[in-house]
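In what follows, chains carry the letters A, B, and so on, assigned in the order in which the sequence lines appear, proteins first and then strands, with residues in each chain numbered from 1. Since the structure is predicted, the reported quantities are computational estimates derived from the model, not experimental observations.
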Amino acid sequence: MKSTIQVSKLSNRKKKGVNWIALFPLLIFSIGFQVIPIISLISSSFSTKQGISLENYQHAFTPHIMEAFQNSIQLSLVTAVLGVSLGFIVGYAIISTDNKLVKDALIALADVTTNFGGAPLAFAFIVTLGSTGVITLVLKSIGVFLYPNFRIYSISGLAIAYLYFQIPLMIMLILPALQGLKKEWWEAAINMGANSQQFWMRIGIPILGPSLMSSFFILFANSFGAYATAWTLTGPDVNIITVQIASLIRGEVQLEIGLADALAVVSLFIILFCVGGYLFLSSKAKRFRA
Amino acid sequence: MRMNKLFRSIVLVLFLLFMLVPLIATFLFSISTRWDRTILPEGFTLEWWKKVISRGAFGLTLKNSFYISFATSIALTILVTPTAYWVHIRAPKSKVIFEIMSAFSFGIPGVILALALIRFYSGIPVPLINTTNILLLACMELCFPFMYRPVANALDSIDIHTLTEASQSLGGNWISTFIHVILPNIFPGIASGFLLVFSTVFAEFTLTNLLVGARFKTFPIYLVEFTRFDGRQASALAIISFVVAWVVSLLLLLISGKRTITSDNLTIGH
């Protein structure tokens, strides 16, 4: 018996190397198509003909590019704040619905529409809110003229289209947290004389806080990195950072090549910060779900 | 925790209108004779659908999209599933590497991934740039977490150590254990991953547009081209895209019963 244990220990040690070799295909894939390209992107953003410098960054931040960053950040903030608040209200309305069939149907709708993004979505909004869109025509008939003050092909139009995937995403993110709010907490608070506002301010929101914050981060990143919807809806007219990077890639703008790298690295930093915030806070939020 | 009934109904009706009006409008637009002057369509016709389907490019782009979606899903299944099993049973310390990989794949937007790949692979003598293969590899990279997370969750939810020991004590080797014992037990996870990857790649526009341009036209690329010159036919294409996304989502719901969106299965950067 003793000897078999020793033998298996020995062979275990020998096998350690073998254990890791089996992971190589996936690791090589990841290194080749994620790690190295991203590292080379970062390093080339810092290199110029003269050597390592911040020159690309200095050149990249023209007023036009500053405006692109500003627009992207604003668009992401607005759609994340609206997405979080509206998604939270709708999610709560769904949870407190008594009819199970209605509830399941609404959850399924949110589930499916989270994945409706990109080109078809952008086009659906042109049909709905474009200059001869359905809603535009309906509003016109009752004397409300959307155009020319509003344009779906603008940054505010883009915000409306983004909300179409931001709200359902928020609903799907917040549903588990809302389900974790226990009826007993509400009953206990009410029995001790709290009103509904006090319940939300003192118990509901603090418990949901990490979930709400983590959802905000992911919605922000979701909007910041979006490209297909913006490109289909507005073409090159709207100045946001993903559209700028894409036009540099396609070579539509004559600029030094390091500039695209610098813009990409700054954007990547913003997005990874958000993803990190999301992962950190969502692990905290899980504490309340048993 | 009751919400005022009237308020709740208003919230839900507004939500439904916001979510459904664009879809219904797009569908009606695709079957209407003319709809730019009156509130309701002036008449209905199937002309736009017939026109768009009869084009050669329609079949070709649809075929291309199915090809790249299936290829990515299959390649990722083959690459990820055995590795995930091995990670769980023999190298649990390496789990954290794959978690970090997932987080990165999930965070890096298509535009930046495309730029990084072009910049790196155009500088070295590997014939990948401008080929369908680079698109396939980029899609695999983008979708890695959608495959890895459901499979890893499925492996966590079964007792792989006992199953593996039982199989090996009956004479099974690693390969037969994996194929005959582990695979059937984690099948729902693999199927979820497969479908998530499929629907993500089917709707993929950014990587295709930036990596292969007009050389390999997929359905979303074709759709965007159409939005610029023929709205009716574009709306028919948009409806087809929605139906594909909808069918895949329903299949996912069927397989996983109840689906909660986490970093496992949400796509960012539409």
Side-chain angles (χ1 to χ4, degrees), chain A residues 19-20 22-23 25-26 29-30 33-34 36-38 40-41 44 89-90 92-93 96 108-109 111-120 123-125 127-128 132 134 137-138 141 165 169 172-173 176 183 186 221-222 225-229 232 242 245-246 249 260 264 267-268 271-272 275 279, chain B residues 1-3 8 11-12 15 19 21-23 25-26 29 36 39 79-80 83 86-87 90-91 94 101 103-112 114-120 137 141 199 203 205-206 210 220 223-224 227 234-235 238 241-242 245-246 249 253 259-261 266-270:
Chain A
N19 288 348
W20 284 79
L23 308 179
L26 192 50
F29 169 73
S30 164
F33 293 95
Q34 183 181 57
I36 294 178
I38 293 291
S40 77
L41 184 74
S44 77
I89 295 171
V90 177
Y92 186 60
S96 61
L109 176 70
D111 201 341
V112 175
T113 43
T114 308
N115 290 328
F116 281 9
F123 188 71
F125 271 92
V127 172
T128 314
T132 57
V134 188
L137 292 175
V138 170
S141 74
F165 53 75
L169 173 59
M172 297 317 289
L173 288 169
K183 253 190 191 149
W186 164 262
N222 196 17
Y227 168 70
T229 312
T232 314
T242 44
I245 297 174
I249 297 176
S267 310
L268 188 63
I271 287 168
L272 290 182
V275 172
L279 293 174
Chain B
M1 274 202 302
R2 289 268 74 90
M3 205 180 206
R8 185 173 72 206
V11 166
L12 292 179
F15 171 66
M19 299 315 292
V21 166
L23 301 183
T26 309
F29 194 68
D36 54 5
I39 295 181
L79 186 63
V80 169
T83 315
W86 195 256
V87 165
R90 297 309 296 263
S94 64
M101 252 175 76
F104 271 92
S105 294
F106 157 73
I108 299 169
V111 172
I112 295 177
L115 177 66
L117 291 173
I118 291 172
R119 301 285 275 115
F120 181 68
L137 290 158
E141 173 51 46
S199 70
F205 172 80
T206 310
L210 297 175
L223 165 62
V224 173
T227 60
S235 57
S241 313
F242 285 134
W246 189 65
S249 297
L253 275 171
R259 175 178 159 213
T260 18
I261 298 230
L266 86 106
T267 344
I268 71 165
H270 288 293

Working for side chain to side chain contact (heavy atoms under 4.5 Å, CB included), residues A:L272 and B:F104: CA-CA 8 Å; A:L272 290 182; B:F104 271 92; 3.6 Å; yes
Evaluate side chain to side chain contact (heavy atoms under 4.5 Å, CB included) for B:I112 paired with A:L41, printing each intermediate quantity in order. CA-CA 9 Å; B:I112 295 177; A:L41 184 74; 4.0 Å; yes
Going through the distances and angles, do B:V87 and A:L23 end up as a side chain to side chain contact (heavy atoms under 4.5 Å, CB included)? CA-CA 7 Å; B:V87 165; A:L23 308 179; 3.4 Å; yes
Can you check side chain to side chain contact (heavy atoms under 4.5 Å, CB included) on A:L109 and B:F15, steps first, answer last? CA-CA 10 Å; A:L109 176 70; B:F15 171 66; 4.0 Å; yes
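Note: B:T206 OG1 to A:I249 CD1 = 9.5 Å, rounded to the nearest 0.5 Å. Note that the CG atom of A:L279 and the CZ atom of B:F106 stand 7.0 Å from one another [nearest 0.5 Å]. Between A:I38 atom CD1 and B:I108 atom CD1 the span is 4.0 Å, to the nearest 0.5 Å.
Heavy atoms closer than 4.5 Å to chain B are found in both the backbone and the side chain of A:T232. The contact between B:L117 and chain A is made by backbone and side chain atoms together, counting heavy-atom distances below 4.5 Å. When heavy atoms are compared at a cutoff of 4.5 Å, B:L137 approaches chain A by way of both its backbone and its side chain. Heavy atoms closer than 4.5 Å to chain B are found in the side chain of A:S40, but not in its backbone. Interface remark: B:L115 contributes backbone and side-chain atoms alike to the contact with chain A (heavy atom separation under 4.5 Å).
For A:S44 against B:R119, the heavy-atom pair with the smallest separation is OG-NH2, 3.6 Å. The two atoms that bring B:M101 and A:Q34 nearest to each other are O-NE2, 3.5 Å, heavy atoms only. The two residues A:A228 and B:F205 have their closest heavy-atom pair at CB-CD2, 3.6 Å. Across every non-hydrogen atom of A:A124 and B:P22, the tightest pair is CB-O, 3.9 Å. Taking all atoms of both residues into account, the shortest heavy-atom contact from A:A246 to B:V111 is N-CG1, 4.1 Å. B:G107 and A:V275 make their closest contact through CA-CG2, 3.8 Å (heavy atoms, listed as atom of the first residue, atom of the second, distance).
Heavy-atom pairs under 4.5 Å with chain A were tallied for B:A234, B:P220, B:A114; the largest tally goes to B:A234. Chain B forms the most heavy-atom pairs under 4.5 Å with one residue out of A:T113, A:I36, A:L137, A:T132, and that residue is A:L137. If you tally non-hydrogen atom pairs under 4.5 Å between each of A:I245, A:V90, A:T242, A:V138 and chain B, the highest count goes to A:V90. Contact tally against chain A (heavy-atom pairs below 4.5 Å) for B:S235, B:A91, B:S199: the top residue is B:S235.
Listed by chain and number, the residues in a ring pair (Phe, Tyr, Trp, His ring centres under 6.0 Å) with B:F242 are A:F116 (sequence neighbours excluded). For A:F33, the ring pair (Phe, Tyr, Trp, His ring centres under 6.0 Å) partners at least two apart in sequence or on another chain are A:F29, B:Y121.
Looking only at side-chain heavy atoms (C-beta outward), A:D111 and B:S249 stay at 4.5 Å or farther from each other.
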